[in-house]
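Computation of the quantities below employed the complete heavy-atom set of this structure, encompassing side-chain atoms and omitting hydrogens, waters and symmetry-equivalent molecules. Lettering of chains follows the sequences in order, A, B, ..., and the numbering in each one begins at 1.
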Amino acid sequence: MHADMLALMHETLDGTAHPARAAQLSAHLGTCADCAAAWRALSTVHHVMLTAETVAPAPGFTSRVMARIESERAAKPARARPMQLMAAAVLTALVLGIAALQVWPNVDAGDVVAATPAFLVTLVQTVSTWQVLLGTFTRTLLAVGGATAVDIVLAVTLVLVGAWAWLMAGAGRAIPRPFSLGGLQ
Amino acid sequence: MEPTFPDEARIIEQARRGDTGAFERLVEQYQISVFNVARRLLGDDGEAEDAAQETFMRAYRQLRTYDPHRRFEPWLLSITSHYCIDRLRRRRFAGPSLDDDERWDEQWAAALPEVDERLLADERAADARRLLDALSPGHRAVVVLKYWRDLSVEEIAHMTGDSVSNVKVKLHRARQAMAKSWHTHEQLTAVKEQYHAR
């Protein structure tokens, strides 16, 4: 069999052969039995592939796929929401910061405020009521229970705020469905 | 980009935003393509069903990575073909050890005369399946995508990560291996006919 003719056979079947080259192949096939046999096999295979049957999947295929998707969506945990986590972190820092200003007697709250950026001063001023209440609470606590009691209260506060943040972030819960599933069977 | 069906671009965009109703329409539209490519590659209806389902699951998860400037069907079928090729290669590892695609093709072509005699009476569909079975996973995928879905060599190259010239080489080698199988099969048929004529 002739290698150049074999390449031309593939080009012809691919539809990329120039008409003049295709005519050259046609003429050659009339004179070479080996190439003619190869062409017969190649073109038969080509035809078999082109005319192969098309089959539909078993009935209910769409429903089976959509049921799997729905099942996967229901099982997938929600991701933490960054804005809520950030809000929880800021609140935690604020609570602990205010408490620290009131508890440790060696720190002058006025000095701390003076060294603080303006936006933080504004923030602290907006929660001044909380500051007074927390200050009163922590001073009373310090007088009654001592430094250990203050540490315990701070730790409990931290845990509670953390738990709140975890719940708000929706960790461990399924994703809420933001769109209709009415088309599902 | 030519849409395959009306509103395709809008439906794909809705599906990309998480609309499962829109995704369901894509499943309905493309299930026959996906199922048949899987069926030709794997040669088994049950496995093809699994592969088709897995294709749509993966497409759903990866829909955001789809480039809307390209045709959707080749993107979907590339998921099918990659999944099926993986399965075929796992089968291959479970069977005889072979080094490369060509050796795989040669072994199957050489083994063909020993194939069960029932093949002689098969219809054309079975002929196609038998011819595909003689190919390695990589060659089989190129043939199926080229012949059955009429994808261009360039599209197949994009889907498989091969170069265009490599896809052409694979297509020609695959066709050659199938022609060899066919020729052997014809000879076997002729021998059988002579035997029964006596």
Side-chain angles (χ1 to χ4, degrees), chain A residues 1 3 5-17 33-76 175-185, chain B residues 14 17-29 31-36 38-40 45-46 48-49 52-57 59-61 123-132 143-144 146-148 150 153 168 171-186:
Chain A
M1 189 168 48
M5 287 296 127
L6 182 62
L8 188 49
M9 290 177 208
H10 285 295
E11 280 178 43
T12 305
L13 294 175
D14 289 344
T16 57
D34 282 352
C35 285
W39 172 249
R40 199 164 47 247
L42 280 172
S43 53
T44 303
V45 160
H46 181 76
H47 185 68
V48 167
M49 287 296 131
L50 283 175
T51 56
E53 56 170 357
T54 297
V55 176
F61 178 82
T62 304
S63 302
R64 290 192 292 279
V65 171
M66 297 313 291
R68 277 187 67 184
I69 286 174
E70 179 56 19
S71 167
E72 186 174 287
R73 280 162 44 80
K76 193 174 175 182
I175 298 176
R177 297 174 185 180
F179 36 70
S180 163
L181 293 174
L184 293 181
Q185 294 169 19
Chain B
Q14 286 174 345
R17 289 181 188 161
D19 182 340
T20 49
F23 189 77
E24 188 176 5
R25 286 196 62 188
L26 294 175
V27 176
E28 279 170 2
Q29 179 65 31
Q31 60 181 270
I32 289 180
S33 299
V34 169
F35 178 74
N36 279 273
R39 188 169 175 266
R40 276 165 178 74
D45 284 4
E49 161 92 19
Q53 282 194 26
E54 191 57 33
T55 295
F56 285 110
M57 294 300 292
Y60 182 78
R61 293 182 206 122
E123 299 292 333
R124 178 140 294 194
D127 288 339
R129 178 171 293 186
R130 180 174 49 77
L131 290 169
L132 287 170
V143 168
V144 168
K146 171 68 185 168
Y147 278 104
W148 197 74
D150 199 23
V153 171
K168 281 183 184 168
L171 180 60
H172 293 181
R173 283 184 180 165
R175 204 186 270 142
Q176 197 69 33
M178 290 192 295
K180 190 175 171 185
S181 298
W182 184 267
H183 189 64
T184 310
H185 178 64
E186 268 193 330

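- Exactly one residue among B:K146, B:H172, B:K168 makes a side-chain hydrogen bond (donor to acceptor under 3.5 Å, both in side chains) with A:D14. That residue is B:H172.
- Looking at every heavy atom in both residues, B:A52 comes nearest to A:F61 through CB-CZ, 3.5 Å.
- Highest contact tally toward chain A, considering only B:R61, B:Q53, B:E54, is held by B:Q53 [criterion: heavy-atom pairs under 4.5 Å].
- Here the NZ atom belonging to B:K180 is positioned 13.0 Å from the CG atom belonging to A:L42, to the nearest 0.5 angstrom.
- With rounding to the nearest 0.5 angstrom, the OH atom of B:Y60 is 13.5 Å from the CZ atom of A:R68.
- Proximity to chain A (any heavy atom under 4.5 Å) is restricted, for B:F35, to the side chain, taken from C-beta onward.
- Listed here is the closest heavy atom pair of B:V27 and A:M66: CG2-SD, 4.2 Å.
- Using a 4.5 Å heavy-atom threshold, the side chains of B:Q176 and A:L6 count as touching.
- A 4.5 Å side-chain heavy-atom check between B:M178 and A:M49 finds at least one atom pair inside the cut-off.
- Proximity to chain B involves both the backbone and the side chain of A:L13, based on heavy atoms less than 4.5 angstrom apart.
- With 3.5 Å as the limit, one finds no donor-acceptor pair spanning the side chains of A:E70 and B:T20.
- Contacts between B:R39 and chain A at a heavy-atom distance below 4.5 Å involve the side chain alone, from C-beta outward.
- In this structure, A:S63 OG and B:E24 CD are separated by 7.0 Å, a value rounded to the nearest 0.5 Å.
- To the nearest 0.5 Å, the span separating CE on B:M57 from CD on A:E72 amounts to 4.0 Å.
- Contact detail for B:R40 and A:T54: the closest heavy-atom pair is NH2-N, 4.3 Å.
- Taking CZ from B:R25 and OG1 from A:T62, the interatomic distance works out to 12.0 Å, rounded to the nearest 0.5 Å.
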- request: Evaluate the side-chain contact (heavy atoms from CB on, under 4.5 Å) criterion for residues B:W182 and A:R40: first the C-alpha distance (whole Å), next the side-chain angles of each, then the deciding distance (0.1 Å), finally the verdict.
  value: CA-CA 10 Å; B:W182 184 267; A:R40 199 164 47 247; over 6 Å; no
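- Here the closest heavy-atom approach between residue B:E49 and residue A:P57 is recorded as OE1-CB, 4.3 Å.
- When heavy atoms are compared at a cutoff of 4.5 Å, B:V153 does not approach chain A at all.
- Among A:A37, A:S43, A:A56, the residue with the largest count of heavy-atom pairs under 4.5 Å with chain B is A:A56.
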